[in-house]
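In what follows, chains are A, B, ... by sequence order, proteins preceding strands, each numbered from 1. Computed from a prediction, not measured in an experiment: that's the story for all the values here. Both backbone and side-chain heavy atoms feed into the values below; hydrogens, waters and symmetry mates do not.
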There are 2 protein chains.
Amino acid sequence: MSRPREFDVDRVLHQSMEVFWNKGFKSTSYEDLTRTTGVKKQSLYCIFNDKRALFLKALVHYREQYIEILEKLEAQEMSPVDKLESLRDSLLNEEATYRGCLMVNSALEFGTEDDQVTREIELMFAEAEQILEKIVISGQEQQLITTRFSSRELASYLNNAILGTRIQEKSGASREQIKAVLRVSFSMILP
Amino acid sequence: MSRPREFDVDRVLHQSMEVFWNKGFKSTSYEDLTRTTGVKKQSLYCIFNDKRALFLKALVHYREQYIEILEKLEAQEMSPVDKLESLRDSLLNEEATYRGCLMVNSALEFGTEDDQVTREIELMFAEAEQILEKIVISGQEQQLITTRFSSRELASYLNNAILGTRIQEKSGASREQIKAVLRVSFSMILP
DNA sequence: CAAGTTATTGACTGTATAGTCAATAAAGCG
DNA sequence: CGCTTTATTGACTATACAGTCAATAACTTG
């Protein structure tokens with residue numbers, strides 16, 4: 001019927017996400033994308049339309065990936081406090097910490113000037129906070145986590161602390177410094 | 001001896017800083033700078049050399065300004081806890097909250113790929129943390145602040161929480177949300 | 001007033017890069 | 001096999017922008 005595509009769309013999307021993650025939206029050129037994916041500009045246009053559309057798909061992909069990790073972590077059979085510790089470890093163990101978080105990077109690059117980008121970012125943070133809140137709630141029920149603040153307040157507190165470390169990652173803080181800050185921030189919510 | 005300059009260098013530096021703060025380094029063009037300052041490109045080159053040199057001076061200016069505010073706040077005659085509250089208010093009351101913090105924005109825009117930019121950012125955060133630590137120490141001495149953690153840990157904890165809100169500012173969080181997160185984060189360190 | 005010095009101006013150059021176009025290649029189906 | 005459809009390719013266009021150049025303007029001092 002027609003000439004078949006010579007590459008895997010999902011692979012290209014994933015690799016494009018990596019490039020955007022490393023370099024940001026504006027600083028990523030089609031040359032960068034072609035070098036990394038092996039796919040020429042026009043072929044990218046065929047599937048993803050323009051650069052912004054590809055970027056938006058990359059954001060969605062990133063969010064899904066991130067939330068999946070959180071959900072798996074939350075679903076594990078362990079104490080809520082251990083879940084938080086496990087989350088802390090996973091934040092520290094991401095290869096290439098210096099990249100920060102694609103959503104955070106994008107939030108700062110775009111500000112609020114692109115509605116769809118903003119929506120994607122808010123969605124991810126909202127979903128992340130919901131999962132955090134689940135953990136907090138069960139922790140509070142078992143009296144393992146302070147009830148000085150509501151579960152929502154604590155979830156948003158934890159999310160904010162994580163966002164802070166994302167900046168530190170990008171500004172050259174050592175893994176040790178980040179580890180220390182996360183340790184203190186997470187310990188604070190114990191009773 | 002020579003033709004006198006027709007504008008005030010400090011004013012132009014300050015206005016340039018504002019432009020960089022609003023738009024970021026890369027997205028700021030000489031056209032933007034000229035529109036805001038009223039000074040043409042070549043004149044800017046005369047004084048500041050190139051765009052990056054002007055940007056670096058803007059960073060220094062920003063840091064000095066920010067640290068001065070913190071120092072004044074710290075020097076006031078009030079309880080350490082009130083100082084922290086006052087700091088919290090000043091974070092919320094900056095006009096144009098959506099701009100975030102120039103240093104944070106730059107940290108994410110540059111990553112660690114420009115040594116001088118990185119140094120400037122680290123310097124500001126280090127100075128800010130030192131001032132926070134002073135406040136924490138006196139708070140701990142008066143038993144107004146927890147001693148579960150060292151003053152250094154708490155200072156870096158507070159700084160991290162502030163960084164987190166800087167991102168939220170840029171990603172469209174409401175002032176109320178930010179206020180709530182700061183309230184929780186600052187309350188955590190009370191005994 | 002003339003010489004020297006620096007500021008200002010606008011025009012110019014070179015480059016990077018997003019997006020487009022038209023020609024060609026590769027498949028399946030009748 | 002040849003027709004249709006879609007993928008791929010490379011060349012092309014338009015634009016935005018940093019940085020440069022050379023001519024002119026404004027001031028001071030001798």
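Counting to the nearest Å, the P atom of C:dT17 and the CG atom of A:Asp32 are 7 Å from each other. Atom CD1 of A:Ile47 and atom P of D:dT9 are 12 Å apart (whole Å). One interatomic measurement links the two molecules: OH of B:Tyr45 to P of D:dA18, which rounds to 7 Å at whole-angstrom precision. With rounding to whole Å, A:Tyr30 atom OH is found 13 Å from C:dT17 atom P. Distance, A:Asn49 CG to C:dT20 C1': 14 Å, rounded to whole Å. D:dG10 atom P lies 14 Å from atom CG of A:Leu44, rounded to whole Å. Atom NZ in B:Lys41 sits about 10 Å away from atom P in D:dC17, given to the nearest Å. Taking atom NZ on B:Lys26 and atom C1' on D:dA16, their separation rounds to 13 Å, with Å as the unit.
Among C:dG10, C:dG19, D:dT9, the nucleotide with an atom closest to any side-chain atom of B:Lys40 is C:dG10. The listed nucleotides are C:dG19, D:dT9, D:dT8; the one nearest the side chain of A:Gln42 is D:dT9.
Using cut-offs of 30° and 60° for the angle between ring planes, the A:Tyr45 and A:Tyr30 rings count as parallel.
Between the side chain of B:Glu31 and the base of D:dC17, no donor-acceptor pair under 3.5 Å is found.
Note on A:Thr34: nothing from the nucleic acid sits closer than 4.0 angstrom, heavy atoms only. Nucleic acid contact class of B:Thr28 (heavy atoms, under 4.0 Å, all strands): sugar-phosphate only.
With a 6.0 Å radius and a threshold of 12 heavy atoms from other residues, nucleotides or ligands, B:Gln65 has its CD atom above the threshold.
With a 6.0 Å cutoff to the six-membered ring centre and a 45° limit on the axis angle, A:Lys57 does not count as a cation-pi contact of A:Phe48.
Salt bridge absent: B:Arg152 and B:Glu129 never bring a charged side-chain N and a carboxylate O closer than 4.0 Å.
The phosphate of D:dT8 (OP1 or OP2) has a side-chain N or O of A:Ser43 nearer than 4.0 angstrom.
The backbone N or O of A:Ile162 lies less than 3.5 Å from a partner atom in the side chain of A:Thr165, making a donor-acceptor pair.
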